[in-house]
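Take a look at the structure below.
Here is the naming used below: chain letters follow the sequence lines, and residue numbers restart at 1 for every chain.
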Amino acid sequence: MNIVVCVKQIPDPAVPGELTSDNRLKRDGAKAILDESDSYGVEMALQLVDKAGSGEVILVSMAPNGEVSGLRQALAMGAARAILISDDALAGADALTTSKVIAKAVERAGGVDLVLAATESSDGYTGTVPAQVAELLGWPSLTFAKHVEIADGKVTIQRQTEAGYDVVAASLPAVVSVTAGVVEPRYPSFKGIMAAKSKPLDQVTAADLGLDSISAGQRITSVAAAPARQAGEKVEDDGTAFERIVTYLEELKVI
Amino acid sequence: MKTWIFAESENGAPTTATLEMVTKARELGGTVEAVYVGTDVASVATGLGEHGVTKVFGVDPDGVLAGVVGAAAIAGLVGAEAPDLILFAQTYDGRDAIGRLSARLDRTVLTNGMSLSVDGDAVTVGTAVFGGAQLVDTLFEGEKPYLAAIRPKSFVAEPGGAATPEIVAVGAVDSGRAGEAKVLERHVEEREGPKLEEAVVVVSGGRGIGEAANYEPLVEQLANLLSGASGASRAIVDAGWVPYSKQVGQTGKTVKPKLYIALGISGATQHMVGMKGSDNIIAVNKDGEAPIFSVADLGIVGDLTKVVPALIEAIKARG
Ligand SMILES: Cc1cc2nc3c(=O)[nH]c(=O)nc-3n(C[C@H](O)[C@H](O)[C@H](O)COP(=O)(O)OP(=O)(O)OC[C@H]3O[C@@H](n4cnc5c(N)ncnc54)[C@H](O)[C@@H]3O)c2cc1C
Ligand SMILES: Nc1ncnc2c1ncn2[C@@H]1O[C@H](COP(=O)(O)O)[C@@H](O)[C@H]1O
């Protein structure tokens, strides 16, 4: 069982975001971290390979400036190797371009049974990459999984829905997107962190993957501050604040 | 301008999110048509027609995920039908459909749209970034059709342009290996009261409620008394206290009720982007500096485990 996990390395979400002068997300400030949403995919992949008894977990990440901090985190969790696509020509890539890069990297990895991704990234949250990668590979996509099982060359998931969940299945190879909380990501051990430093990292450019023309098909025309909402009345509770709420509810006629 | 809507349904009628997009497309002018994947196209088409859709392409899902079949069907139709813009709701099936279609047609996507404007041939989609602090307008470039996904609650659904839509049955579509993804079982979780996105009052709980066991007696009870729906911050969804379907915010639902009550929610930007469009906001938080107070019309600085039970009793006492 060979599993590719798409891992995005993102600016730390705890640090307020910024746009560059050409309206792209600023990515060259603090060091990048592994998108927490992808730590679930990494954990899921490790468990599935472990259960299968053979195979490896391969990371695929597209990131600027040869960024490896987030990849090291995932390697320390136990992934075997990584493919990093880093290329100035990919700056400002849209989700479809990113998906083309990932699909080519999956082919480069070779002999892949399953691709795991998060349902959306924490910084861009386009939320379409898993379906796009699947279409480019010509594979089934099982999206929004909150439970994943593999048996007899078939993957079965519980797919989150508005009303509850659906059980969806397809044969391998396939793409699965996992929701947060699908498994409990492990903390890298000290041994894992040390081992990560010497794990194979295959760094390539878009051209190495046979991708030349990159067009975004979209252009930002304006960025403006959202209208702020005014703060209203603030009451310190002295045991009677509930009465103020009751009056407010009456004024609104909800009681 | 010819706009297509990837229509979704619930109980034989179009979803509110679908009708919101139809209404907006109608306002933008030109023709509005829909593609619907499902076995009940006749009843869904009626609701679409009441909102101005003139033609509905009906596709049989044959047990396959709707987004997968929908993308394959649309890819087969766009050549002859030439829509300028195709809108999808930012939902599970909508995202499957727009993602797959984007790769099929080699077109970019703009997702999480909250506004939409058309000027001649130019189509611009507005989104919120950094937790709603900034608004970004993005213009499509390149070839049509343009593909956009719109967050539910971005527009208001209103009937109009009433038509009896022509229903066109689309023959069997070949989704290739993607069509292997079959739905084997459906599980529906019981829900009482109104839907979160449609409720007039929403009461949400955050980590400040202390423990999972407090959600029912504090948050749900208050919501029930006000005939509202109960919601949550991501902190307590991730903690497993309540299901994901209750999450309000950037990665959850957008709500715009008449009244939003935030109990023990700090007011992270990612939460506020999903609720600050509410008409009125009440917040209860013991930390007077909590960011939620910056958007609250009525802010109570206090311990919710004292304020909420007293409030519930007072409302009950009114009978
Ligand atoms: C990419 C990304 C996406 C995200 N998407 C979402 C999203 O969709 N929705 C969302 O909600 N969050 C989202 N978050 C998480 C968000 O950043 C916050 O972590 C989360 O909203 C915090 O939840 P909270 O307010 O319940 O918890 P906390 O921030 O821990 O706040 C708890 C509050 O309760 C108060 N409190 C404690 N005890 C009491 C008491 N007895 N009485 C009264 N008040 C009390 C505290 O003062 C505090 O303000 C996202 C984060 C990221 C990075
Ligand atoms: N640059 C990237 N490198 C690796 N994986 C990515 C990248 N961008 C997106 N993904 C994967 O695709 C998922 C959805 O991304 P998005 O569609 O951008 O919200 C992410 O959570 C990742 O798992």
So which of A:Ala231, A:Gly217, A:Ala134, A:Ala241 has the biggest tally of heavy-atom pairs under 4.5 Å with chain B?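 That would be A:Gly217.
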Which of the residues A:Ser171, A:Gly181, A:Gly239 is involved in the greatest number of heavy-atom pairs with chain B at under 4.5 angstrom?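 Top count of heavy-atom pairs under 4.5 Å with chain B: A:Ser171.
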Under a 4.5 Å heavy-atom cut-off, does chain A meet the side chain of [X], its backbone, both or neither?
X: B:Ala133; result: backbone
X: B:Glu10; result: neither
X: B:Leu101; result: neither
X: B:Tyr244; result: side chain
X: B:Glu8; result: neither
X: B:Lys253; result: side chain
X: B:Leu135; result: both
X: B:Ala128; result: backbone
X: B:Ala181; result: both
X: B:Leu139; result: both
X: B:Asn112; result: side chain

Is [X] in contact with chain B via its backbone, its side chain, both, or neither, using a 4.5 Å heavy-atom distance?
X: A:Glu251; answer: neither
X: A:Gln160; answer: both
X: A:Phe144; answer: side chain
X: A:Tyr125; answer: both
X: A:Thr240; answer: neither
X: A:Leu249; answer: side chain
X: A:Gln230; answer: backbone

Determine which residues belonging to residues 102-111 of chain B lie within contact range of chain A, meaning some heavy atom pair is under 4.5 Å apart, and list them by number or answer 'none'.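 Checking residues 102-111 of chain B against chain A gives B:Ser102, B:Ala103, B:Arg104, B:Asp106, B:Arg107, B:Thr108, B:Val109, B:Leu110, B:Thr111.
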